[in-house]
Amino acid sequence: GERRLRAHEFSQFFTRLQEEIASQAFLKAQAKSGGGLLPRAAFADVLVRYTGSAVPPKVLDSICRPRHADDTREFSFGDFLAYSYLLRHIPAVSHALLTACDIKKGPISKDDFKVAMRALMGQQISRMEAEAVFEVFDHDADGFITRVEVERIMGELGVRSMQPVVGRGGKLTFAPPPGYAASGSAESVGERTLGQWLQDFVEHFALGAVAGGIGATAVYPIDLIKTRWQNQRSGAAKTMADGTALPHYESALDCFLQTVRKEGPLGLYRGLLPQLVGVAPEKAIKLTVNDVLREAFTNKDKLTGEHDIYFPLEVLAGCGAGASQVVFTNPLEIVKIRLQVQGETQAMFLAAGKTPPRPQSVLDICRELGFLGLYKGANACFLRDIPFSGIYFPAYAAAKRWLVEKPEDLQPIHLLAAGAIAGIPAASLTTPADVIKTRMQVVAREGEAQYASLGDCAAQILRQEGIGAFFKGAGMRVLRSSPQFGVTLLAYELLHRLVAPHVEARPPTNAPVPAADFQQLTQSRISSSLATFTRMLTNLGNIR
């Protein structure tokens, strides 16, 4: 019909459907056996594959293990229902067993267990269900279960005690608020050794660096075209003194087509190495400084997650983050830009039938510039990065609040949308500083304007090319940020799952998203629910 199921209704339906799938799977296996009963191996296989429960390894061993050398026991549908009950309620069963052992101060019998389940859990269990429990936990088959036997079978799963934590409104709860488990308690963090901390840092940094590199590589051609388009002097001489034609592009698209035609597809990736080397430390320090400053400026209730930050201080935190990254940004930017324009110069000489100058490597450029030279144009870099971060981070936070009312409703699409929205004003409004930085850091060719300082550069551009020249490449700067953000997050998630699933998921180093937002997207319950749902659909297909 047209009636929609609410989440809790679907959850109830899903639970019952899983039970029905398991029952049908047993009946199908029973029909194939011809005798109405299943041998132990086939019985265990149906239990594990179709009940939808995560079976602890030692519980599975107990089910599969013959009780003696001549054990040829076969299992009925009633046995299947009893064992299914055990697997669905194993936390409650193990808790009742442990509590009953503690109260009795000794081993418990089947009747003791039935009373304990009724008294502690409010559940009336059948004799077959009790026998299933004892076949799993009564390791020595003496008719009694001890605390040691439960702990041997369950491990930490069965003996973990509930620990109340301070939740919303300062009230104690067994269900911590979002982000509490991800951040960990002070006690658990304090128990980590220096070696464990270093290992965790290196693993996370490596994952973030690789994911960041993939994201940067995906959009790098846009950055190269932007640089060449910004470097073109409108209204300037079109040739050098000897008649060699200087590069000229009618548009950014024309720049792209000329680059591919003259230098091949690989020409779009000139200067990529400095970008890959610097992407991780540059963004890591930027995000870290922003988080530290926001934390210092924010009146925040750490229990509820609600916070209040004065807007000028929010902007100041972003500006501080942008300023901090220039120590990494400027040397890498000047090397990258010179490598990007170098291919253009070589193509220019080849087109004129002349011998091009010897291409410079990264080391050649560094030697030529020297340490101080690597910071040429740093004032323009500050002029770009400080306002960019000052605009981006507050705009991102505002866009996120506009897109979702509650942190727990945050979805990946919201992060991408918030990043895209924040990137529009941040990238476009700081384009004039980016144009000035590009002009100051490239090596001017014969016939092109020379700039003595930032002010001189701005004045010459305004006088010779007009105010529109300051916004060359603004569209490309905006279009580059969102795809890079999305590719980076996707690459990080895939790498995290395939290479290092044991590492705590955090934002990739070049994804401009706070840790709390990223952790909200990577709660284990989402993956667990998805895996369960996928397993159910697979099982449904298997029993056709």
Side-chain angles (χ1 to χ4, degrees), residues 206-232 247 249 251-284 286 325 328-347 359-362 365-366 377 381 384-385 388 392 416 419-420 423 426-428 430-431 434-435 437-438 441-442 472-492 494-495 508-512:
L207 282 177
V210 174
I214 293 173
T217 302
V219 299
Y220 189 78
I222 300 177
D223 185 72
L224 181 135
I225 298 304
K226 173 200 69 95
T227 299
R228 293 186 176 185
W229 178 238
Q230 288 178 339
N231 187 48
Q232 177 173 286
Y249 310 112
S251 63
L253 177 61
D254 181 46
C255 179
F256 170 80
L257 296 175
Q258 286 196 44
T259 300
V260 174
R261 184 172 63 252
K262 296 177 181 179
E263 304 173 51
L266 291 180
L268 296 171
Y269 290 91
R270 288 183 180 272
L272 177 61
L273 180 59
Q275 181 86 343
L276 297 181
V277 170
V279 68
E282 171 196 336
K283 300 302 181 184
K286 177 179 181 178
Q325 75 170 12
F328 288 103
T329 302
N330 206 82
L332 296 168
E333 285 271 325
I334 193 170
V335 173
K336 180 193 74 173
I337 285 175
R338 293 197 174 193
L339 289 173
Q340 287 177 331
V341 177
Q342 181 174 257
E344 185 182 50
T345 302
Q346 289 181 307
Q360 289 184 303
S361 66
V362 173
I365 295 173
C366 291
C381 203
R384 179 195 66 178
D385 290 348
F388 180 93
Y392 181 90
L416 293 174
S428 58
T430 57
T431 298
D434 192 52
V435 172
K437 182 189 72 66
T438 298
Q441 291 183 337
V442 298
K472 276 189 171 183
M476 284 177 281
R477 279 171 55 79
V478 171
L479 291 175
R480 181 186 61 180
S481 59
S482 293
Q484 181 175 356
F485 185 19
V487 171
T488 299
L489 286 179
L490 176 61
Y492 183 86
L494 292 177
L495 287 170
T509 49
N510 78 328

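With rounding to the nearest 0.5 angstrom, the CE atom of Met476 is 9.0 Å from the CD1 atom of Ile222. Atom CG of residue Leu339 and atom OG of residue Ser361 lie 8.0 Å apart, to the nearest 0.5 angstrom.
For the side chain to side chain contact (heavy atoms under 4.5 Å, CB included) test with Thr438, the passing option among Thr227, Val341, Ile334 is Thr227; the others fail. When each of Gln441, Lys437, Gln275 is checked for a side-chain hydrogen bond (donor to acceptor under 3.5 Å, both in side chains) with Glu333, only Lys437 meets the rule. The only member of Leu272, Thr259, Leu268 that meets side chain to side chain contact (heavy atoms under 4.5 Å, CB included) when paired with Pro221 is Leu268. Applying the side chain to side chain contact (heavy atoms under 4.5 Å, CB included) test between Ile225 and each of Tyr249, Phe256, Tyr220 identifies Phe256 as the sole match.
Qualifying salt bridge (Lys or Arg N to Asp or Glu O under 4.0 Å) partners for Asp434, counting only residues two or more places apart in sequence or in other chains: Lys226, Arg384, Arg477. Judged as a salt bridge (Lys or Arg N to Asp or Glu O under 4.0 Å), and not counting sequence neighbours, the contacts of Glu344 are Arg445. Under the side chain to side chain contact (heavy atoms under 4.5 Å, CB included) criterion, Ser428 pairs with Val478, not counting sequence neighbours. Applying the side chain to side chain donor-acceptor pair (under 3.5 Å) rule to Glu263 yields the partners Arg228, Arg270; only residues at least two apart in sequence or on another chain are considered. Legend: residues meeting side chain to side chain contact (heavy atoms under 4.5 Å, CB included) with Cys366, ordered by chain and number and at least two apart, are Val335, Val362, Leu374.
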Problem set entry | Check against side-chain contact (heavy atoms from CB on, under 4.5 Å), Asp223 and Lys336 | CA-CA 10 Å; Asp223 185 72; Lys336 180 193 74 173; 2.9 Å; yes
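Under the 3.5 Å distance criterion, the side-chain polar atoms of Gln230 are matched with a main-chain donor or acceptor of Lys472.
Evaluation of the salt bridge (Lys or Arg N to Asp or Glu O under 4.0 Å) test over residues 207-217, restricted to residues two or more places apart or in two chains, returns none.
Nearest heavy-atom pair across Cys381 and Asn330 is CB-OD1, 3.3 Å. When all heavy atoms are compared, the tightest approach of Phe388 to Thr430 is N-CG2, 3.5 Å.
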